[in-house]
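As the structure lists them, so they are numbered: ligands from 1, and atoms in each ligand from 1. Treat the numbers as computed from the prediction; the structure is a model and nothing was measured.
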Amino acid sequence: MTDRFDWVLHGATVFTQKGLASVDIGVTKGLIAKIGDIRPGLGAVEDTLTGLTVLPGVVDTQVHFREPGAEQKEDLATGTAAAAMGGVTAIFDMPNTKPTTTTPEALADKVARGKGRAWVDYAFYFGATAENAERLAEWENLPGCCGIKIFMGSSTGTLLVDDQAALEAIFRSGKRRIAVHAEDETRLKSRFALVADGAPVAMHPVWRDEEAATIAVKRLIDLARRSGRKAHVLHVTSAGEMELLRDKPENLSVEVTPQHLTLAAPDAYDRLGSLAQMNPPIRDARHRDALWAALKSGIVSCIGSDHAPHTREEKAQPYPKSPSGMPGVQTYVPIMLDHVNAGRLGLGDFVRLSSSNPAAMFGMEKRGQVAEGYRADFTIVDMGAKRVITDDWIASRCGWTPFAGTEVTGWPVITAVGGRVVMREDTLIGTPRGEPVTFA
Ligand code: DOR
């Protein structure tokens, strides 16, 4: 008997484990059942995707979806809708919510809130504190947990660990990857006087300078090296950090964001004002160039958006009262595909940094490849589509993007999660049925 499939994708170019190939994909029960020639008529649903490229589902390993506690900015429904609209199939949400995700109850509450409301799959970081350090080894394996998060420098919210003994205790407790916001709290505090009484927002990278980042990254490299613990430095922004990370231990992974690869001071602050304000800051072009050089030389492990929405009203407060953070989950794929088309990275680099590496680094089950036996999570793109990013297209509750007005080449056309199409041509499809990500 000939195999039949729930869904057959015909005619696309597919990014397989061997690179790009013109093959059909047969999907059954949410998994990839066959890659190869599949004759028409064997699928309950069939799509002909001539001219499109099927990539393994993009995983955004750093978003702030604000639920519970700040739903005026975003919640799990609107944040995951933005993800689906932007071609992202799974997200890892940060613990600086209210209450913070620092207890099993808070984690279970977030997992439950996703049910029937999330458009894509989801997992949550467990926030580390001096108080919960000893319990993390036990709690890090709770359902829906992707790893541990430490804020070494304070940003939005109340989570902060900069005491050395507490950091050491956290690194000793458990095995999962520890993602770190690396800015030095002491330096941030001592330099805050530069902006405290009001200043142009272009002073943001002067206050939170390169040295604040390098001090913390040096400390993190040392912790990772001595402990052997899997760690992850989030949103690296400076040449100095990349210089230090050239000799990083294997167990330390490195993230950059699309916005730090794309925007630069002073232009970003001139054009966008506080909409360009985030932690760590957008810096000048020398630093942006250093991020690209590090990406090319293989130091960078993944791209995360650090999607951190705030309302326009909140952002309109005078600096430094204006909160730090910008949305990014929905613009991640188009902005990076535009860089691919401009020749700044290869499509294979994009796949590695957006899908296969995140899946491997965090131990996600059956994700990160278009291969038989893997989940049918697809980011299906039109590499040649020219589009202008607009605020109207943004599904995030904040309703704005720092990339409004930017023309890009390359656009996500279909998002499929577990064999279900959740977005097609800028429209959400069906109902939100995202599930907690499972880990090996
Ligand atoms: O700019 C930022 N905003 N950086 C962070 O680390 C936190 C984030 C937020 O939650 O708003």
Q. Is it true that the side chains of Glu134 and Ser173 contain a donor and an acceptor less than 3.5 Å apart?
A. no
Q) Quick one: does ligand 1 sit under 4.0 Å from the side chain of His310, the backbone, both or neither, non-hydrogen atoms only? A) side chain
Q. Among Arg226, Arg225, Arg219, Lys218, whose salt bridge (Lys or Arg N to Asp or Glu O under 4.0 Å) with Asp222 holds?
A. Arg226
(Q) For Gln277, which part has a heavy atom under 4.0 Å from ligand 1: side chain, backbone, both, or neither? (A) neither
**Q.** Verdict with supporting geometry, Asp75 and Arg113, salt bridge (charged side-chain N to carboxylate O under 4.0 Å, His left out)
**A.** CA-CA 10 Å; Asp75 64 24; Arg113 285 166 182 266; over 6 Å; no
Q: Report the part of Ala308 in contact with ligand 1, treating N, CA, C, O as backbone and CB onward as side chain, heavy atoms under 4.0 Å; options are side chain, backbone, both, neither.
A: side chain
Q. Which atoms of ligand 1 sit under 4.0 Å from any heavy atom of Met278?
A. 1 (O)
(Q) Ring centres under 6.0 Å, that's the criterion: do Tyr332 and His307 meet it? (A) no
Q. Strictly under 4.0 Å, does any heavy atom of Met94 approach an atom of ligand 1?
A. no
Q: Could you tell me how the ring of His204 sits relative to the ring of Trp207: parallel (under 30°), tilted (30 to 60°) or perpendicular (over 60°)?
A: perpendicular
Q: Compute the shortest N/O to N/O distance between Gly325 and ligand 1 and return yes if it is under 3.5 Å, no if not.
A: yes
Q. Given Arg229 and Glu140, is the salt bridge (charged side-chain N to carboxylate O under 4.0 Å, His left out) satisfied, shown in steps?
A. CA-CA 14 Å; Arg229 179 72 182 265; Glu140 67 175 7; 3.2 Å; yes
Q: With heavy atoms of Phe151 as the reference, note each atom of ligand 1 found under 4.0 Å away.
A: 6 (O)
Q. Just distances here: any N/O of His64 and N/O of ligand 1 closer than 3.5 Å?
A. yes
Q) Should the proximity of Arg66 to ligand 1, defined as any heavy atom under 4.0 Å, be assigned to the side chain, the backbone, both, or neither? A) side chain
**Q.** Value rounded to 0.5 Å, distance of CZ in Phe403 from CD1 in Ile394
**A.** 10.0 Å
